[in-house]
Chemist: 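Let me give you the structure first, and then I'll get to my questions.
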Amino acid sequence: MQLDPEDEQILAGERGETQQKMLELLVALGKVFGAERLVPIRSAQVSGASYKTIGKYGLDWLTSLDGKAVVPAVLNPIGMPRIRWQEMGINPDFAKKQQDVVAAYERLGIQLECTCTPYYLYETRFGDHLAWSESSAVSYANSVIGARTNREGGPSALAAALVGKTPSYGLHLAKNRKPQLVIEVNIDSSLWSIADFGALGYHTGKFVGNRVPFFRGIKPDPDQLKALGAAMAATGAVALYHVEGITAEAQKIQYDLSGLEVITVETKDISCLFKEIPVEAIAVGCPHCSPEELAEIARLLSGKVVKKPLYVFAAQGVIDRNKTIATSIEKSGAKVYADTCVVVSPAMEQYHSIMVNSGKALAYVPNMCGGQARIGTIADCIRVATE
Ligand code: F3S
């Protein structure tokens, strides 16, 4: 692997032990995957942030490190909102450990935005190299924006944040970004909601696996793309997809699709996922809400009062920039929380069944929260929460 003089200095320990260890980790990873060099990154997004997922050993490892991020880097959602955690019913012992995790990351120079939608907060451009961890963020960056990132583990994303580089392999290389199968959607999707695209992703992720699909027959908007990619990354391991004429590279590159396997999706594949089971709580914002989604929720809740717990999750920066809308949502009794989400917060484990508008949450809630999940549109979610 080609290393520049600065890398050699770091490997010789001239910038401290943590930088040395972090670069050793990146070089080892690069060697495993056949990377020829390291590539500078524009930003990092670091998973392994919820105490629910990393536990004591993860926290001990983080506190043993000593260094500073050299590129903008944010955290994945943690197990609770950094403020207002008491009102979410978080156990104080858990809160203390979660605060220790956050403090450890802050000491390492990671910005305390805990979100899977960093693209709403920091400019991310076509062709940028990134080291992002969370699967929906990775999918959005690669597919919708046309940036380049592999699906990093927490330690490799943290290492990239501290060094400012990542090994150049996988989706950093153009040759690995070509479509590998075609998905024909034989349904009129012109009136589809975000939930419908989440359901499409839930269905297709199961057979796409980790390949790069090229969709035909759909025209999703950015929020719908976000839902499609998040769900495909949950039931499969899709880190990049293309939609004809819509996604970043599909607009610029004429891909040769000849000879690729073609799979057709029919109405029944999607409609069977919309089962009407009774629910105890409703959660919207997986991935974290965009400003447009917050505005839609506020509009639907206007003049209504929630009768079942309704959680809305978004990045703190997005909530701060849309304070009036967030306040209007909370007037109904719904809660708008930052930093955490339906899957990583232990507070959601108290419910036996949760309604979501997300294909990703539909896939994860049963295993991660221990309850049943039901998918519906945002309008259905608001109706169930207020009727
Ligand atoms: Fe984001 Fe949590 Fe969903 S990290 S994609 S809101 S499971």
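Remember, it's 1-based here, ligands and their atoms both numbered in the order they're listed. Index from 1, following the sequence.
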Chemist: When the aromatic ring centroids of Phe214 and Tyr241 are compared, is their separation below 6.0 Å?
Modeler: no
Chemist: Using a distance threshold of 2.8 Å, what protein N/O/S atoms lie below it relative to atom 1 (Fe) of ligand 1?
Modeler: Cys116 SG
Chemist: Cut-off 3.5 Å, no hydrogens considered: what does the side-chain donor-acceptor table look like for residues 319-329, sequence neighbours left out?
Modeler:
unit_1, atom_1, unit_2, atom_2, d
Asp320, OD1, Gln316, NE2, 2.8
Arg321, NH1, Tyr120, O, 3.2
Asn322, ND2, Val318, O, 2.7
Thr327, OG1, Lys323, O, 2.8

Chemist: Given the side-chain rings of His242 and Phe215, with only the six-membered ring counted for Trp, is the space between their centroids under 6.0 Å?
Modeler: no
Chemist: Val163, Val46: one ILVMFWY side-chain cluster at the under-4.5 Å cut-off?
Modeler: yes
Chemist: Can a salt bridge be assigned to the pair Glu249 and Arg177 using a cut-off of 4.0 Å between side-chain N and carboxylate O?
Modeler: yes
Chemist: Between the side chains of Asp93 and Lys96, is the shortest nitrogen-to-carboxylate-oxygen separation below 4.0 Å, so that they form an ion pair?
Modeler: no
